[in-house]
Protein chains: 2
Amino acid sequence: MALAEAILVCLTERPMSGYDLAKYFDASIGFFWRSSHQQIYRELGKLREKGYVSSQEVEQDGKPNRITHTVTPEGRAALYEWSKRPSRHPSIKDEMFVKFYALDSIDMEAFEDQLTNRMEYHKTRLSQYLRIKERFYDGKTLNLNQQGKLIALEMGIDGERQNIRQIEDAIIKTGGLERS
Amino acid sequence: MALAEAILVCLTERPMSGYDLAKYFDASIGFFWRSSHQQIYRELGKLREKGYVSSQEVEQDGKPNRITHTVTPEGRAALYEWSKRPSRHPSIKDEMFVKFYALDSIDMEAFEDQLTNRMEYHKTRLSQYLRIKERFYDGKTLNLNQQGKLIALEMGIDGERQNIRQIEDAIIKTGGLERS
DNA sequence: AAACACTATGCAACAAATTGCATAATTTCA
DNA sequence: TGAAATTATGCAATTTGTTGCATAGTGTTT
């Protein structure tokens, strides 16, 4: 259950509201641990119950009030304990590969469209990563935290480049099969 | 919900029992869609209810009876319809990356052990894939179905090689940070 | 002879994730 | 001026995934 920890990691950086967290997930840590706002709000409730975060309501004029959440010392301790426990291997679930396992039972034309779509997705990802790298990391002096994030980001960049190459390849191979 | 479809894909190849499926998942399609035997048995029940598979009890001497499952024409049709619907992008959940996001809040020594462990995991995967390729695909004449699987397998091989390189790299970079 | 691994199936409880909905105000675009 | 997007929060229902357990016979190892 690393959603709780992913949230704690974000809040270690600065206190945030559920809404902030949801956006931060969409643009940053969520590249490696996807989560919806509903899940985040629910998890925040659990973290508050456990005493790992404390919540403060902030009055706002006009907009609805926001509730910001701060990591408590107990939360920090829990995060440190979690960091010592072995990381689970990532769970892999990819429909696309399942379809590769059944080329003789599927609609190949439709599948090739899906491959193209998947390549677009990886290209979008890659350019997001590159933009983030350029904006926040290139030519800057980085502290330990930032260096860690940069390592993750560079792995992401590398990974996406490979994904793009792989799918290009797969499209060519798959196209060849149809005509045989 | 591609577990149902992953099961149908397997059963398209040949009728299998839940136990067979669980083993097949562990050694083959599960590389891209992991699932436990409990989940498989539950899903088989649902597929039977929907009429996508039919089940036959087979008497065995000594061993407990096995129940083999066969895809029905409705099941095949459902699989074909599913293949036309867009594939979801893979859901990414990787604790390791979350830890990279918090290098200043974690136990770095423990984390480096985890990285080493992760590299072993990818090396094991790679050698599994290579063994499968050698045994079932190299130097063989392949039909469409097998060619699809080979494409998936080769993507897996490529991916694991990259993973190994990436983590090697990350270990070096992370080690460097500690001493600064 | 006892312990363990393998074949074979599945329930029950729980945790996590997804989907759909709901509210309510403000800003921005057409 | 009306519609749509954004900010902000969250409940409820359902599905999916995990963990622990239970049963029961056979074969293999110590």
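Order of the sequence lines sets the chain letters (A, B, ...), proteins ahead of strands, with each chain counted from 1.
Regarding B:Gln38, its CD atom lies at a distance of 13 Å from the C1' atom of C:dC14, rounded to whole Å. Atom CZ in A:Arg66 sits about 5 Å away from atom P in D:dA8, given to the nearest Å. Distance CD1 (B:Ile92) to C1' (C:dA16): 18 Å, rounded to an integer number of Å. Atoms CG (A:Leu3) and P (C:dA17) sit 6 Å apart, rounded to a whole Å. Across the protein-nucleic acid pair, A:Leu21 atom CG and D:dG10 atom P stand 12 Å apart, rounded to whole Å. Rounding to whole angstrom units, NE2 of residue A:His37 and C1' of C:dA17 are separated by 13 Å. Taking atom CZ of residue A:Arg34 and atom P of nucleotide C:dA16, one finds them 19 Å apart after rounding to whole Å. Rounded to an integer number of Å, the gap from CG of A:Asp20 to P of D:dG10 is 13 Å.
For the pair A:Asn143/B:Asp104, no side-chain contact is recorded, criterion being any heavy-atom separation below 4.5 Å from C-beta on. In this structure, the side chains of A:Lys173 and B:Gln147 stay at 4.5 Å or more apart for every pair of heavy atoms. Put simply, the side chain of B:Tyr101 does not reach to within 4.5 Å of the side chain of A:Thr12, judged on heavy atoms.
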What N/O pairs connect the protein and nucleotides 14-16 of chain D at under 3.5 Å? Give each pair on its own line.
none

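Residue B:Tyr19 has no polar side-chain atom (N or O) positioned under 4.0 Å from OP1 or OP2 of C:dT9. Between A:Ser17 and D:dT9 there is a side-chain polar atom (N or O) within less than 4.0 angstrom of OP1 or OP2. Taking only side-chain nitrogens and oxygens, B:Ser91 never comes nearer than 4.0 Å to OP1 or OP2 of C:dA17.
Smallest separation of non-hydrogen atoms from A:Leu44 and A:Val53: O-CG2, 4.2 Å. A:Tyr19 and A:Tyr41 make their closest contact through N-OH, 3.3 Å (heavy atoms, listed as atom of the first residue, atom of the second, distance).
For the pair B:Tyr41 and B:Arg88, nearest-nucleotide mapping onto DNA chain C gives the more 5' position to B:Tyr41.
Checked against the 6.0 Å centroid threshold, B:Phe31 and B:Tyr129 count as a close aromatic pair.
Residues passing the side chain to side chain contact (heavy atoms under 4.5 Å, CB included) test with B:Arg161, sequence neighbours excluded: B:Leu126, B:Leu130, B:Ile157, B:Arg165.
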